[in-house]
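The block underneath contains the structure these notes are about, expressed in structure tokens.
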Amino acid sequence: MSVLVVGSVAFDTVRTPFGHKEKILGGSATYFSYSCSFFSRVNLVAVVGEDFPSEYRELLMERDINLDGLQVRDGKTFHWGGSYHYDMNEAETEFTDLNVFEDFHPELPYHYRSSEYVLLANIDPDLQLEVLDQIDNPRLVVGDTMNLWIELKKDVVEDVIRKLDILIVNDAEARQLTSEVSLKKAADQLLGLGCKYVVIKKGEHGALLFSRDYIFSAPGLPLETVVDPTGAGDTFAGGFMGYLARSGDLTPEVLRRAMIYGSVMASFNVEDFSLERLKKLQKDDIKTRFQEFKALTNF
Ligand code: AMP
């Protein structure tokens, strides 16, 4: 089963208390795809400029990520700059150079159009809608967003949420979208827009899954090494969605396990910059860390 993702493929310039890196590989679709590829095949939709190095493209292809939907346009690749302080739960955006994304319109290759699993990673919500319009009859649509788009285009973000089965946001975004302090009330309001589940990520403190009938809490695993949280949310979404697509089911048990697989993948990602940690990841590492998550809250 393959998952279609639209989002950013980017250069990131990142400063954390543990280092400063210029123009490393990033982007919401990049992190998502790489993480998801440990569970399912991925079809990627995005745009890069002519400056996008072929090594980065090969890195994605090595994991069997289909790049037929990755357009290459005249101009520069999207470039995001962000920094973190010792509380690394929230990134401070220093700049967002949309570059080739400014006049990008996704055109889905024909064989992408029948995709059953669709992940709208963080990108301009108008582009998320353009992708959905080109898909015939998706079985599961999951979406993410960020503070910039809620600030600039809240109405469009809400239009996207109305079309989702599952919304994934972080705690700050849930509060920004709903003007509620209580995450329970925020989730109820977001469920009221029509999606079936809302996932609220809380950085190092784990993540919550809300449905109309139950709540599930995935713990945050206390890690010794946290170097760069960039992409943690997208890596979470990759493990979560990849596992759902592989299972082909949406029972409460499957959703709970998907929350843990998402958390497992994010916990690896924060241990190094860019995709450095995920590049070394083996299937057995995933299994072992899944068990560590299980042991952490078993009583
Ligand atoms: P995350 O840490 O999971 O929230 O996402 C980090 C990634 O989002 C970085 O690699 C950035 O390149 C990407 N990003 C940052 N701002 C935007 C934006 N406005 N649109 C799309 N992607 C973005």
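In each ligand, atom 1 is the first atom listed, and ligand 1 is the first ligand listed.
By the 4.5 Å heavy-atom criterion applied to side chains, R175 and L183 are counted as neighbours.
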For a quick test of your reading: what N or O donor-acceptor pairs under 3.5 Å do the side chains of residues 210-228 make, sequence neighbours left out?
| from | atom 1 | to | atom 2 | distance (Å) |
| --- | --- | --- | --- | --- |
| S211 | OG | D213 | N | 3.0 |
| S211 | OG | Y214 | N | 3.0 |
| S211 | OG | Y214 | O | 3.3 |
| R212 | NH2 | L191 | O | 2.6 |
| R212 | NH2 | C195 | O | 3.4 |
| D228 | OD1 | T230 | N | 3.0 |
| D228 | OD1 | T230 | OG1 | 2.7 |

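The neighbour count for K76 NZ, taken as heavy atoms of other residues, nucleotides or ligands under 6.0 Å away, does not exceed 12.
Closest non-hydrogen pair, V264 versus S267, comes out as O-OG, 2.7 Å.
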List ligand 1's nitrogen or oxygen atoms that come under 3.5 Å of a protein nitrogen or oxygen, with the partner atom and distance.
| from | atom 1 | to | atom 2 | distance (Å) |
| --- | --- | --- | --- | --- |
| ligand 1 | 2 (O) | G231 | N | 2.7 |
| ligand 1 | 3 (O) | G233 | N | 3.1 |
| ligand 1 | 3 (O) | D234 | N | 3.2 |
| ligand 1 | 3 (O) | D234 | OD2 | 2.7 |
| ligand 1 | 5 (O) | D234 | OD2 | 2.9 |
| ligand 1 | 10 (O) | D12 | OD1 | 3.4 |
| ligand 1 | 10 (O) | D12 | OD2 | 2.5 |
| ligand 1 | 10 (O) | G27 | N | 2.7 |
| ligand 1 | 12 (O) | D12 | OD1 | 2.7 |
| ligand 1 | 12 (O) | G27 | N | 3.3 |
| ligand 1 | 22 (N) | S8 | OG | 2.8 |

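Aromatic ring pairs are classed by plane angle as parallel below 30°, tilted from 30° to 60° and perpendicular above 60°; the pair F104 and F101 is perpendicular.
Counted by atom type alone, Y34 and N269 present zero donor-acceptor pairs between their side chains at under 3.5 Å.
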